[in-house]
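Notes follow once the structure below has been shown.
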Number of protein chains: 2
Amino acid sequence: MASVADNISERLETEIVEGLLPPGTRLEEPALAERFGVSRTPVREALQRLSASGLVELKPRRGTQVLNPSIGRIVEMFEVMAELEAVCARLCARRADPDLISKLKAWLMSCETTAAAQDVSAYYEANRQFHHTIYRGSGNGFLAEQAESLHLRLTPFRRQQLRVPRRLRQSLAEHTQVVTAIEAGDEAAAEAVQRAHILIQGERFGDFLAQFGAGARTTAD
Amino acid sequence: MASVADNISERLETEIVEGLLPPGTRLEEPALAERFGVSRTPVREALQRLSASGLVELKPRRGTQVLNPSIGRIVEMFEVMAELEAVCARLCARRADPDLISKLKAWLMSCETTAAAQDVSAYYEANRQFHHTIYRGSGNGFLAEQAESLHLRLTPFRRQQLRVPRRLRQSLAEHTQVVTAIEAGDEAAAEAVQRAHILIQGERFGDFLAQFGAGARTTAD
DNA sequence: CTCGACTTTTGTGTATACACAAGGAATAAT
DNA sequence: ATTATTCCTTGTGTATACACAAAAGTCGAG
């Protein structure tokens, strides 16, 4: 089934997303090849794919490194994410599928319990599932894929979010509002709430970096 | 500068976009390697990139072929395109930059003259520039890139558009409406008009295929 | 004549080898 | 001592070779 290149691509992806390979890390093909016990060929293919999915940067003749976007760039990406999520929420509200709503409520509760239990990684997973349910609930598979892709791409930068005081509590409240709007079939409200929900993340990200040394992890704008 | 893989990737891209390599065409590495006078290695890299940009499909152990999405899939893609363009138009209206508006008017006129002259390829180019100006005018570089990428990806399917009677005339009128809304700073109007402008393309595409043998170029839904 | 198993061929996946450019270290010149 | 130049090391880009899976063609049996 899965080729060697696929495995390497996946492993590198998770390591980047989980922060083990922070932005700016150089990825040298011979080193990776030796580490995974394979030749450079599949390593190169894996890097090509990661480059395409936007997780690494592949400069010609100058090697590849984990993408290290400027602050402004990250904010732009959060803006687009906000719009994609807003569209998904609107389409969810348009359908207002009872099955979908029950799933949303289940993940919402899962978010609350994991948050109460201070289980950070479990909360991340529940939160991810909540948002993915909205993506899929849009009824547009292509839209869902795009949203999932960008969501993944932003994960390394969203990780710093919850350090912001009270953000988690507010985030949960926003989730509830979105579900309410979707259940009511209120397209405009669902869209607006979800857009704001994500946009705040981008703003908080900027605040966070402004507070704790901006240049530490991303290049200055 | 440009590596061999880059050149091959570009050439294949244009050939796919221009319809020389219609959806479903099998792309075999040895044949392409011989055709371009290179080894299989850079050919594979080029195919990987095209796969990532969504122009070809790369099934493991079963080769690559020009992506041949179902009708439903294409409609989904047009829906997402409509939303992206709507966001761009809204952000354009928010800024209402005079310089941007003059550029838009220039491309609008270019569209009209080329349409009047029946110069199809020139019209395509002018139309493309018009839309790209709106993307860039959003002020969000990442959004603009996403929009441009999807625009390119949809090009093979947009080509069949203008065969639909009167579509061209209506399209020009919609362009004018968008510019007017942007100039007036009317975000809601700009967004709505642009969304409808693109959505219609998706619908017309469905109509077109329903009329002239759906199975000819894309798989059935 | 048709269907099925075996062989052959074709094409992809991976490894190895070579070519060349970029960055750095060492040496020489000012 | 500083700077510039040259050489060397490192790493990427491409080519070739091998391994294996899938499809196509062939042959034989019913």
Side-chain angles (χ1 to χ4, degrees), chain A residues 1-16 20-69 215 218-220, chain B residues 1-16 20-69 215 218-220:
Chain A
M1 268 279 300
S3 70
V4 177
D6 285 325
N7 291 331
I8 295 178
S9 173
E10 273 184 40
R11 288 185 61 173
L12 287 179
E13 178 182 295
T14 63
E15 291 187 5
I16 292 172
L20 277 78
L21 295 173
T25 307
R26 283 186 61 96
L27 297 176
E28 292 167 2
E29 295 165 8
L32 292 174
E34 190 187 14
R35 179 184 153 197
F36 290 112
V38 297
S39 84
R40 275 180 49 213
T41 309
V43 170
R44 276 184 73 85
E45 301 222 345
L47 292 180
Q48 291 272 351
R49 293 190 206 177
L50 294 177
S51 165
S53 65
L55 285 174
V56 306
E57 194 177 11
L58 195 53
K59 293 180 187 169
R61 288 276 177 203
R62 300 192 64 181
T64 95
Q65 60 182 42
V66 180
L67 199 64
N68 193 8
T218 64
T219 63
Chain B
M1 315 108 355
S3 70
V4 176
D6 286 324
N7 290 331
I8 295 177
S9 173
E10 272 183 41
R11 289 185 61 174
L12 288 178
E13 178 182 297
T14 62
E15 291 187 6
I16 292 172
L20 275 77
L21 296 173
T25 306
R26 285 187 60 94
L27 297 176
E28 293 166 2
E29 295 166 9
L32 293 174
E34 190 187 14
R35 179 184 153 197
F36 291 112
V38 297
S39 85
R40 275 179 50 214
T41 309
V43 171
R44 276 183 73 86
E45 301 222 344
L47 292 179
Q48 291 272 351
R49 294 190 206 176
L50 293 178
S51 164
S53 65
L55 285 173
V56 307
E57 194 177 12
L58 195 52
K59 294 180 186 169
R61 287 274 176 204
R62 300 194 63 182
T64 95
Q65 58 182 47
V66 180
L67 199 64
N68 193 9
T218 63
T219 63

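Just so it is clear, the structure is predicted and the values come from calculations on it, not from any experiment. Letters A, B, ... are given to chains in the order of the sequence lines, protein chains preceding strands, and every chain is numbered from 1.
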Query - Chi angles and distances behind the side chain to side chain contact (heavy atoms under 4.5 Å, CB included) call for A:Leu21, A:Val56 - result: CA-CA 11 Å; A:Leu21 295 173; A:Val56 306; over 6 Å; no
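Considering A:Thr64, A:Ile8, A:Leu55 as possible partners of A:Leu47, the one that fulfils the side-chain contact (heavy atoms from CB on, under 4.5 Å) test is A:Thr64. Looking at A:Glu29, A:Glu34, A:Glu28 one by one, the single match for salt bridge (Lys or Arg N to Asp or Glu O under 4.0 Å) with A:Arg40 turns out to be A:Glu29.
For residues 42-56 of chain A, proximity to DNA chain D is found at A:Arg44, defined as any non-hydrogen atom under 4.0 angstrom from a strand atom.
Rounded to whole angstrom, the span from the CD atom of A:Glu29 across to the C1' atom of C:dT14 amounts to 15 Å. One can place CD of B:Glu34 at 16 Å from C1' of D:dT16, the figure rounded to the nearest angstrom. The separation between A:Arg40 atom CZ and D:dT14 atom P is 11 Å, rounded to whole Å. B:Arg61 has its CZ atom 13 Å from the C1' atom of C:dT10, to the nearest Å. One atom, NZ of A:Lys59, and another, P of D:dG11, lie 17 Å apart when rounded to the nearest Å. In this structure, the CD atom of A:Glu28 is 13 Å from the C1' atom of C:dA22, given to the nearest Å.
Minimum heavy-atom separation, B:Leu20 to B:Pro22: O-CD, 3.2 Å. Contact detail for A:Asn68 and A:Pro23: the closest heavy-atom pair is OD1-CB, 3.6 Å. Closest of all the heavy-atom pairs between A:Ala5 and A:Pro42 is CB-O, 3.7 Å. Closest approach of A:Arg62 to A:Arg26, counting heavy atoms only: O-NH1, 3.8 Å.
Residue B:Ser39 places at least one side-chain N or O closer than 4.0 Å to OP1 or OP2 of D:dA15. Checking the phosphate oxygens (OP1, OP2) of D:dA23, a side-chain nitrogen or oxygen of B:Arg62 falls inside 4.0 Å.
Which of C:dT14, C:dA17, D:dG11 sits closest to the side chain of A:Ser3 comes down to C:dT14. Between C:dG11, D:dG11, C:dT14, one nucleotide has an atom nearer to the side chain of A:Pro30 than all others, and that is D:dG11.
Remark on DNA chain D: of its neighbouring residues A:Thr41 and A:Thr64, the 5'-side contact belongs to A:Thr64, judged by nearest-heavy-atom nucleotide.
Evaluation of the side-chain hydrogen bond (donor to acceptor under 3.5 Å, both in side chains) test over residues 46-59 of chain B, restricted to residues two or more places apart or in two chains, returns A:Glu45-B:Gln48, A:Gln48-B:Arg49, A:Arg49-B:Gln48, B:Asp6-B:Arg49.
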**Report entry** Base-pair map of DNA chain D as dot-bracket, where | denotes pairing with a different strand and pairs are Watson-Crick or G-U under 3.5 Å
**Finding:** ||||||||||||||||||||||||||||||
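Using a 4.0 Å heavy-atom criterion, one finds that A:Leu27 contacts the sugar-phosphate atoms exclusively.
With rounding to the nearest 0.5 Å, the separation of CG in B:Leu32 from CZ in B:Arg35 is 7.0 Å.
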